[in-house]
Amino acid sequence: MKLRTKIHVFTTLLMLVLIVLVNFGVYKLYEQLSINTEYKQLVLRGEELVTTFNQFQEVSDPNMVLRSYIPSNGAINVINDRGKEMTSVQSPLYDPVQMQIGKNEQYALTEVKGIPTIMIEIPAIWTNGNVVKFQLIQQLNDVAFNRDLLKLILTAVTILVAIPIILSNMVLGSIILKPLEKLNRVMSKSTTSGTYEKIDESIAGKDELAEIGRTFNHMMEALETNYRKQQQFVSNASHELKTPLTVIDSYAKLLLRRGFTNEKIAKEALDAIVSESNRMKDLIAQMLELAKNKEYVSISIGKVNLSQLLKDVTLQLKQAYNREFQLQIEPSLFVNTDEQRLKQLLYILLDNARKYSDDKIVLKAGVENNNISIAIQDFGVGIPEEQLPHLFDRFYRVKEDRNRKTGGTGLGLAIAKELSDLLQIEIIVESEINVGTTFRLMIPLNYNERNEVDSQ
Ligand code: ADP
């Protein structure tokens, strides 16, 4: 059974059962109240009869007195102390019936041909001075009539109410389920076709179902973008790996052909092979770094002496590359951060400054507004303004550098961006062609507390 039918059948049945129960309750309540009223009137009648009977000690024709108190469509029986009927008077339309009042009951009630019949008993003194019981019996025709009328009205009401309930449930079911069915169709299409289908009909509503539709479309968009990025990454990666492999392959062949006889060629080939395999090693290491799911990377926050850290990092680069670093660092700058990752970020930026310039590199650090600012300034080739927005994309290299053979991979700044996001550091780039480039790291001062909370 379809969900729509299930909801429809369930809600309709539930509502109908509720209506029937309520109507049945009303019916039963009315019946009980009417019988109680009739019972009280019958008791009054009986008490009046006893009073009248007692007033006339010498009643010559007791049946005459009894007759004047016969309930409409009823009878009065007089029962002696041995339980025998002494006399009985009845109205013309009375249908005789045998009844008995149960223990702890105030009256007896039975149905005769669909008409409730009630009986009460009242003790009295008979004309001969004996104790007797007057049985007053009445057929409740009015109660039966009103009860049947009420039954008719309630049945009509139930039917009248059931029709809009059934219709509204059908409409409601389709209002709720139509968008879900549409969603299901789109999802099935996506699964079978392997595409990222979206719900194209207008989903401008403000209700929850429209919200689900929008969220679904956003999710599909995100999945599609991710998929494209992944494809791009794989094709870029294979392209980047192909170049060093081709170089290694051709030099290895050269080595095979002429390397054993020509030492100069052998050296050149081995140099190239070593350099290209190193480049590949770096590339693969960087790709692995990027492939790590950053959401699950744990960062270990600690108090870092930034002034000292900057000095240490530049000293290492100075020794490795024999380059001049000019430091303008405020003393005793401390930050709460992940020291290893900050170091990694600084290495990427300082290494780029070194690779893309020949002059000195200036490193400034200090408190600026509400931030600790670290500026890495070089006086090198610079970056064209229109290429700045793409700088942090994976495998992106400034066009001019692709030819320059600086040996870059285009992954360094992509890693730097991920690291800075992880550490909540903003990176600002300013550059001018042939003047130089400055990468500025902005570490917010309240960054310390934020990171501490995040890392817990
Ligand atoms: P790469 O390994 O090529 O250096 P990056 O992602 O680190 O990769 O840098 C991307 C590109 O940005 C580089 O190829 C280069 O063209 C440019 N670039 C980065 N830093 C500088 C800089 N300090 N000066 C000039 N160009 C830079």
Side-chain angles (χ1 to χ4, degrees), residues 229 232-244 247 275-292 294 310 313-314 317-318 320-321 323-327 341-365 373-423 425-442:
K229 271 191 186 163
Q232 186 70 32
F233 183 74
V234 170
S235 85
N236 283 340
S238 47
H239 179 261
E240 290 295 321
L241 285 170
K242 217 159 68 189
T243 321
V247 175
S275 138
E276 286 306 304
S277 38
N278 276 340
R279 198 170 112 71
M280 248 168 58
K281 209 171 74 187
D282 288 350
L283 190 68
I284 290 168
Q286 283 180 323
M287 288 198 305
L288 284 177
E289 175 72 32
L290 278 171
K292 276 184 201 160
K294 294 292 181 291
L310 291 172
V313 171
T314 43
L317 285 170
K318 198 174 172 174
Y321 297 103
R323 288 286 298 269
E324 186 193 343
F325 286 89
Q326 223 176 62
L327 305 188
R341 287 175 197 281
L342 180 63
K343 233 181 192 173
Q344 201 182 351
L345 174 60
L346 288 167
Y347 269 129
I348 293 172
L349 299 179
L350 285 165
D351 196 42
N352 276 352
R354 168 195 73 76
K355 276 195 297 191
Y356 302 107
S357 75
D358 297 317
D359 208 343
K360 65 180 176 190
I361 294 160
V362 179
L363 182 63
K364 293 179 190 164
S373 146
I374 305 170
I376 298 159
Q377 185 180 15
D378 66 56
F379 303 92
V381 290
I383 302 161
E385 201 183 338
E386 69 280 4
Q387 302 201 29
L388 287 177
H390 307 287
L391 221 51
F392 296 95
D393 292 353
R394 293 172 178 190
F395 294 108
Y396 188 82
R397 300 183 68 201
V398 172
K399 275 196 196 98
E400 292 72 9
D401 284 315
R402 291 190 183 273
N403 309 328
R404 242 182 233 132
K405 302 245 177 291
T406 29
T409 58
L411 289 178
L413 286 182
I415 296 174
K417 180 79 184 75
E418 290 201 350
L419 286 170
S420 67
D421 285 346
L422 197 67
L423 301 177
I425 297 174
E426 189 189 358
I427 307 183
I428 303 164
V429 195
E430 292 150 18
S431 189
E432 208 176 315
I433 291 284
N434 293 329
V435 174
T437 306
T438 304
F439 278 86
R440 204 180 295 277
L441 300 183
M442 304 298 271

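As the structure lists them, so they are numbered: ligands from 1, and atoms in each ligand from 1. Predicted, not measured: the structure shown is a model, and the values here were computed from it. Numbering starts at 1 and runs along the sequence shown.
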- [ ] Of all the heavy-atom pairs spanning Met287 and Ala237, show the shortest one and how long it is.
- [x]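 The answer is SD-CB, 3.3 Å.
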TODO: Considering non-hydrogen atoms only, spot the tightest contact between Arg354 and Arg323 and give its length.
DONE: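 Scanning both residues, the minimum pair turns out to be O-NH1, 2.8 Å.
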- [ ] Check if Gln387 has a non-hydrogen atom at a distance under 4.0 Å from any atom of ligand 1.
- [x]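 Gln387: no contact with ligand 1 (<4.0 Å).
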Task: Heavy-atom gap Gly380 to ligand 1 smaller than 4.0 Å - done: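 No, that is not the case, since the closest heavy atom of the residue is not under 4.0 Å from the ligand.
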So for ligand 1, is [X] a polar contact partner (N or O within less than 3.5 Å, distance only)?
X      : result
Tyr396 : no
Ala414 : no
Val398 : yes

Below 4.0 angstrom from a heavy atom of [X], which ligand 1 atoms are there? Numbered from 1 as shown, please.
X      : value
Lys355 : 1 (P), 2 (O), 4 (O)
Leu391 : 12 (O)
Gly412 : 5 (P), 6 (O), 7 (O), 8 (O)
Leu411 : 6 (O), 8 (O)

- [ ] May I ask you to identify, for Thr437, whether its side chain, its backbone, both or neither come under 4.0 Å of ligand 1 on a heavy-atom basis?
- [x]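 Answer for Thr437: side chain.
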Task: Electrostatic pair Arg279-Asp282, nearest N-O below 4.0 angstrom - done: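 Judged by the 4.0 Å cut-off on N to carboxylate O distance, Arg279 and Asp282 do not form a salt bridge.
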- [ ] Could you tell me which residues satisfy side-chain contact (heavy atoms from CB on, under 4.5 Å) with Asp393, sequence neighbours excluded, listed by chain and number?
- [x]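 Scan of Asp393 (side-chain contact (heavy atoms from CB on, under 4.5 Å), adjacent residues dropped) gives His390, Tyr396.
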Task: Set of residues satisfying side-chain contact (heavy atoms from CB on, under 4.5 Å) with respect to Glu426, sequence neighbours excluded - done: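 Residues passing side-chain contact (heavy atoms from CB on, under 4.5 Å) with Glu426: Ile428, Met442.
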- [ ] Using the side chain to side chain contact (heavy atoms under 4.5 Å, CB included) rule, take Leu441 and Ile427 through it: C-alpha gap first, then chi angles, then the decisive distance, then the call.
- [x] CA-CA 5 Å; Leu441 300 183; Ile427 307 183; 3.7 Å; yes
TODO: Fit a plane to each ring of Phe395 and Phe233, take the angle between them on a 0 to 90° scale, and name the class: parallel (under 30°), tilted (30 to 60°) or perpendicular (over 60°).
DONE: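 Tilted: the ring planes of Phe395 and Phe233 meet at 30° to 60°.
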Task: Heavy-atom side-chain contact between Ile376 and Asn352 under 4.5 Å - done: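 Contact flag for Ile376/Asn352 side chains = no.
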Task: Residue selection (non-hydrogen contact nearest atom 25 (C) of ligand 1) among Phe379, Tyr356, Phe395 - done: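 The nearest heavy atom belongs to Tyr356.
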- [ ] Would you tell me which option among Leu413, Val429, Ile433 has the nearest heavy-atom contact to atom 5 (P) of ligand 1?
- [x]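 Shortest heavy-atom distance from atom 5 (P) of ligand 1: Leu413.
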